[in-house]
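Here is the structure we will look at, set down as structure tokens.
Order of appearance sets the numbers: ligands from 1, and atoms from 1 within every ligand.
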Amino acid sequence: MIQVSEVKLRVENLKKYFPVKRSISEILRGKPPRSVKAVDGISFEVVESDVFCLVGESGCGKTTTGRLIARLIEVSDGRALYKVSKEVKELMPQGIFVYGDYVSLFDKLPSSIDKLLKREIQIIFQDPYGSLNSRMTLGSILEEPLIIHSIGSSKEERQEIIYKALSEVRLNPPEEFVERYPHMISGGQRQRVAVARVMILNPSLVIADEPVSMLDVSIRAEILQLMLDLKSSRNLSYIFITHDLAVANYICDKIAVMYLGKIVETGLASKIINNPYHPYTKALVAAVPEPDPSNRLKMREVPIKSEIPSAAAVPSGCRLHPRCPYSMDVCKTQEPPIIDVEPEHGVACWLYVKR
Ligand code: SF4
């Protein structure tokens with residue numbers, strides 16, 4: 001049983017709807033405004049020092065969820081309670097806490113608090129090529145966040161911090177790397193710099209959005225291991241976003257599988273990977289390459305049909321029903337609730353609801 005005090009982040013009924021632009025003819029015909037329901041009422045908890053994975057195909061809402069938590073985009077609805085670290089708590093006025101050490105992330109907050117939270121909750125982007133400014137040296141790239149957050153009282157002090165950050169991500173000797181530009185290093189090294197740029201601010205929650213998907217397979221495991229090592233040495237929590245269940249299996253403690261803006265299955269990573277219940281999760285697990293055919297899950301026998309529909313035209317009832325081989329009448333009209341099929345394992349599927 002998880003104690004409330006161990007929860008780093010509690011997300012309740014999170015929604016993000018993007019309005020769809022209507023054409024002139026749609027306006028003239030009086031067609032009502034529509035929206036893309038990118039994230040449609042999801043709830044989850046991230047336990048301190050855990051790696052919580054959001055898994056699903058492109059367009060399922062996982063990246064939007066990460067950006068909402070990082071407050072890069074505005075929410076349409078919902079709440080997120082975040083437990084601030086001890087160091088940052090001391091810098092915050094008491095009145096800001098809604099409960100214990102928790103602040104409400106989506107409330108309008110004073111700019112000084114906002115800045116502290118931006119330091120606490122950092123995001124690593126997918127693209128190590130586009131996320132680093134090609135005209136800046138690696139030293140300047142790493143110095144920029146220190147200046148923004150007033151860390152280090154002198155150039156020399158900041159340089160020390162930068163050297164330490166580069167060594168921590170195993171870019172040695174750091175004095176050589178600070179002089180280089182992003183185009184002078186490999187993709188794996190660039191992602192290490194992106195990790196260093198985040199860690200240099202000493203965050204408490206890191207959102208990693210597909211951080212290894214653009215890297216060669218040969219160096220993915222190294223970056224994932226680096227992230228795990230940093231988590232242990234710094235007592236970090238991660239929200240790890242990936243489309244790849246093999247990656248999730250490697251790094252995650254808990255998984256939430258998303259489909260068209262909803263969580264369809266959630267629980268301990270070992271339970272989701274080894275014993276999936278939801279037809280969609282079963283199909284995802286079966287799609288993971290497995291060198292030993294005898295280990296392959298039997299779910300290859302029940303493939304999910306056709307392509308994922310547009311998020312602007314979400315099917316009624318269970319969103320998977322047009323693609324699901326088990327679809328029943330109830331699936332077409334009523335959305336299934338998430339029910340516990342075993343301890344720490346929830347599934348949203350009418351197959352498991354006693355009626
Ligand atoms: Fe398939 Fe129905 Fe379960 Fe949805 S609720 S996954 S359509 S069986």
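Within ligand 1, the atoms closer than 4.0 Å to a non-hydrogen atom of L351 are 8 (S), numbered from 1 in the order shown. Set against the non-hydrogen atoms of C324, the atoms of ligand 1 under 4.0 Å away are 1 (Fe), 6 (S), 7 (S), 8 (S). The contact set between ligand 1 and C318, taken as ligand atoms under 4.0 Å from a residue heavy atom, comprises 4 (Fe), 5 (S), 6 (S), 7 (S).
Only the side chain of P279 comes within 4.0 Å of ligand 1, judged by heavy-atom distances.
Residue, atom and distance of the protein heavy atom nearest to atom 2 (Fe) of ligand 1 are C331 SG, 2.3 Å. When only non-hydrogen protein atoms are considered, atom 5 (S) of ligand 1 lies nearest to W350 N, 3.2 Å.
Judged purely by distance below 3.5 Å, without hydrogens or angles, the side chains of D50 and S237 never pair a donor atom with an acceptor atom. Under the 3.5 Å distance criterion, with hydrogens and angles disregarded, no donor-acceptor pair is assigned to the side chains of N13 and S43.
Put simply, C349 gets within reach of atom 3 (Fe) of ligand 1, with an N, O or S atom under 2.8 Å from it.
Figure legend: K262 and Y259 shown without cation-pi pairing, the cationic atom not lying both under 6.0 angstrom from the six-membered ring centre and within 45 degrees of its axis.
Within a 6.0 Å sphere centred on CZ of R135, heavy atoms belonging to other residues, nucleotides or ligands number 12 at most.
Using a 4.0 angstrom heavy-atom cutoff, H278 counts as in contact with ligand 1.
Using a cut-off of 4.0 Å between Lys/Arg side-chain N and Asp/Glu carboxylate O, R170 and E222 are scored as not salt-bridged. With respect to the salt-bridge test (charged N to carboxylate O, under 4.0 angstrom), the residues R234 and E168 qualify.
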